[in-house]
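Take a look at the following structure, please.
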Amino acid sequence: MRLPQKLKIFLIVSLYRMICSTLRIREEGRAPVDEADAARESLICCLWHDELFSLIPVARQLRVVSIVSPSRDGDFLAKILESQHVEVVRGSSNRGGMRALLGLAHLMKKEFAHACITIDGPAGPRHVAKEGALFLANRTGARICPCRIHVEHAFRAPTWDRFQVPLPFSRVTVRFGTIWEDGRTAVPDIEEGTILAAKTRLERDLHELYAGIDGRRTEA
């Protein structure tokens, strides 16, 4: 029997909340994020798509907006994010992506908010940065904050990104990296050479940030 979409969403959101309530989350490097928030300086938190599950509970203390694909799968993610008080703008690289980025940029400039961008989403390639976060930095002046997450025990979905779903009671380490300079300084224009250099820098920051996290030496 096929379950109605609304019931599926309800069950998935309930399961998500149940798992999150058991996680033992430790944050590293959080102080600069809180300082920026207190100063009402918007940040663009950048992470890999497969690590998003464990970041959402951390975002609950901040006003965060994220871009979510307008697909059916995106409906599930949007409801999970909204259940944790993360606001959602719908769009993807294939459908309405630029419109979503412009809408998010407008919101960040008009009303104080941080952005959360899975920089290799929504369809990969895995752990290869796209330009959306960099366009947003150039457009708003907001600073980029790299973020990595290590989950002690997780189920990896058979998807393009090997999406991580933490097992109940797992230890989770959320590590915030060094926040970049003003977005328009870091990404002064959106020319091909500038974007390529910024993507290379962001990928390097994320890979280096993972080194030593809970004793890890290599990428997961």
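Computed over heavy atoms, backbone and side chain alike; hydrogens, waters and symmetry mates excluded.
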Legend entry - Main-chain N/O of Glu152 paired with Ser170 side-chain donor or acceptor, under 3.5 Å: no
Legend entry - Main-chain N/O of Ala100 paired to Arg90 side chain as donor or acceptor, under 3.5 Å: no
Legend entry - Approximate separation, where rounding is to 0.5 Å, of Leu55 CG and Glu27 CD: 8.5 Å
Inset, instruction - Nearest 0.5 Å please: distance from the CG atom of Asp75 over to the NZ atom of Lys6. - result: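 Result: 12.0 Å between the selected atoms.
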Inset, instruction - Mind checking the CZ-CD1 spacing from Arg17 to Ile56? Nearest 0.5 Å is all I need. - result: 12.0 Å
Inset, instruction - List the atom of Thr22, the atom of Pro168, and the distance in Å for their closest heavy-atom pair. - result: OG1-CA, 3.3 Å
Inset, instruction - Would you please name every residue forming a side chain to side chain contact (heavy atoms under 4.5 Å, CB included) with Glu191, sequence neighbours left out? - result: Asp189, Thr194
Legend entry - Residue pairs involving residues 103-113 (criterion salt bridge (Lys or Arg N to Asp or Glu O under 4.0 Å); sequence neighbours excluded):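 Listed once each, the pairs are Arg63-Glu111.
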Legend entry - Step-by-step side chain to side chain contact (heavy atoms under 4.5 Å, CB included) determination, Thr118 to Trp48: CA-CA 5 Å; Thr118 53; Trp48 299 128; over 6 Å; no
Legend entry - Which atom of Cys116 lies closest to which atom of Val64, heavy atoms considered: CB-CG1, 3.7 Å
Legend entry - Spatial distance of atom NE2 (His127) from atom OH (Tyr210) [nearest 0.5 Å]: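 Reported value, rounded in 0.5 Å steps: 8.5 Å.
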Legend entry - Residue list, side chain to side chain contact (heavy atoms under 4.5 Å, CB included) with Ser14, at least two apart or on another chain: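 Partners of Ser14 under the side chain to side chain contact (heavy atoms under 4.5 Å, CB included) test: Phe10.
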Inset, instruction - Quick one: list whatever passes ring-ring contact (aromatic ring centres under 6.0 Å, His included) with Phe112, sequence neighbours left out. - result: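 With neighbours one apart ignored, the set is His114.
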Inset, instruction - Verify the neighbour count for atom CD1 of Ile190: are there more than 12 heavy atoms of other residues, nucleotides or ligands below 6.0 Å? - result: no
Inset, instruction - Could you list all the ring pair (Phe, Tyr, Trp, His ring centres under 6.0 Å) pairs where at least one residue sits in residues 50-85, not counting sequence neighbours? - result: Tyr16-Phe53
Legend entry - Set of residues satisfying salt bridge (Lys or Arg N to Asp or Glu O under 4.0 Å) with respect to Asp34, sequence neighbours excluded: Arg30
Inset, instruction - Would you check if Leu15 and Met18 make a side-chain contact, meaning some heavy-atom pair closer than 4.5 Å? - result: yes
Inset, instruction - Grab the two heavy atoms, one from Gly141 and one from Asp182, that are nearest each other, plus how far apart they are. - result: O-OD2, 3.2 Å
Inset, instruction - Indicate yes or no for a side-chain donor-acceptor contact from Lys130 to the backbone of Gly124 under 3.5 Å, with no hydrogens or angles considered. - result: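 Such a contact is found between Lys130 side chain and Gly124 backbone.
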Inset, instruction - Dump the intermediate steps for side chain to side chain contact (heavy atoms under 4.5 Å, CB included) on Thr178 and Asp205, then the final yes or no. - result: CA-CA 8 Å; Thr178 300; Asp205 281 2; over 6 Å; no
Inset, instruction - Let me know which of Glu28, His150, Arg26 forms a side-chain hydrogen bond (donor to acceptor under 3.5 Å, both in side chains) with Thr173. - result: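 When Glu28, His150, Arg26 are each tested with Thr173, the side-chain hydrogen bond (donor to acceptor under 3.5 Å, both in side chains) holds only for Arg26.
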Inset, instruction - First locate atom NZ of Lys8, then atom NZ of Lys79, and finally report the distance between them rounded to the nearest 0.5 Å. - result: 15.5 Å
Legend entry - side chain to side chain donor-acceptor pair (under 3.5 Å) against Glu35, all qualifying residues, sequence neighbours excluded: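 Listed in chain order: nothing, the list is empty.
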Legend entry - Residues that Phe176 engages under ring-ring contact (aromatic ring centres under 6.0 Å, His included), provided they are two or more places apart: none
Inset, instruction - Could you tell me which non-hydrogen atom of Val68 sits nearest to which non-hydrogen atom of Ala78, and how far apart they are? - result: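 It is CG1-N, 4.1 Å.
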Inset, instruction - Determine the minimum heavy-atom distance between Cys45 and Cys147, stating which atoms define it. - result: SG-CB, 3.7 Å
Inset, instruction - Work out which heavy atom in Trp180 is nearest to a heavy atom in Ala186; give both atom names and the distance. - result: CE3-CB, 3.6 Å
Listing, residues 131-139 side-chain donor-acceptor contacts under 3.5 Å, not counting sequence neighbours, or none:
residue : atom : partner : partner atom : Å
Asn138  : ND2  : Val187  : O            : 2.8
Asn138  : ND2  : Pro188  : O            : 3.4

Inset, instruction - Taking side chain to side chain contact (heavy atoms under 4.5 Å, CB included) as the test, write out the residues that go with Leu209, two or more places apart. - result: Pro146, Arg148, Arg175
Inset, instruction - Among Leu202, Ile144, Leu47, find the residue that satisfies the side-chain contact (heavy atoms from CB on, under 4.5 Å) test when tested with Ile119. - result: Leu202
Legend entry - All side chain to side chain contact (heavy atoms under 4.5 Å, CB included) counterparts of Ser54, not counting sequence neighbours: Ile149, Val151, Pro166, Val172
Legend entry - Salt-bridge criterion met for Lys199 and Asp120 (N-O under 4.0 Å): no
Inset, instruction - List the steps, then state whether side chain to side chain contact (heavy atoms under 4.5 Å, CB included) holds for Leu167 with Phe169. - result: CA-CA 6 Å; Leu167 298 183; Phe169 303 101; over 6 Å; no
Legend entry - Non-neighbouring partners of Asp161 that pass side chain to side chain donor-acceptor pair (under 3.5 Å), sequence neighbours left out: His49, Thr159
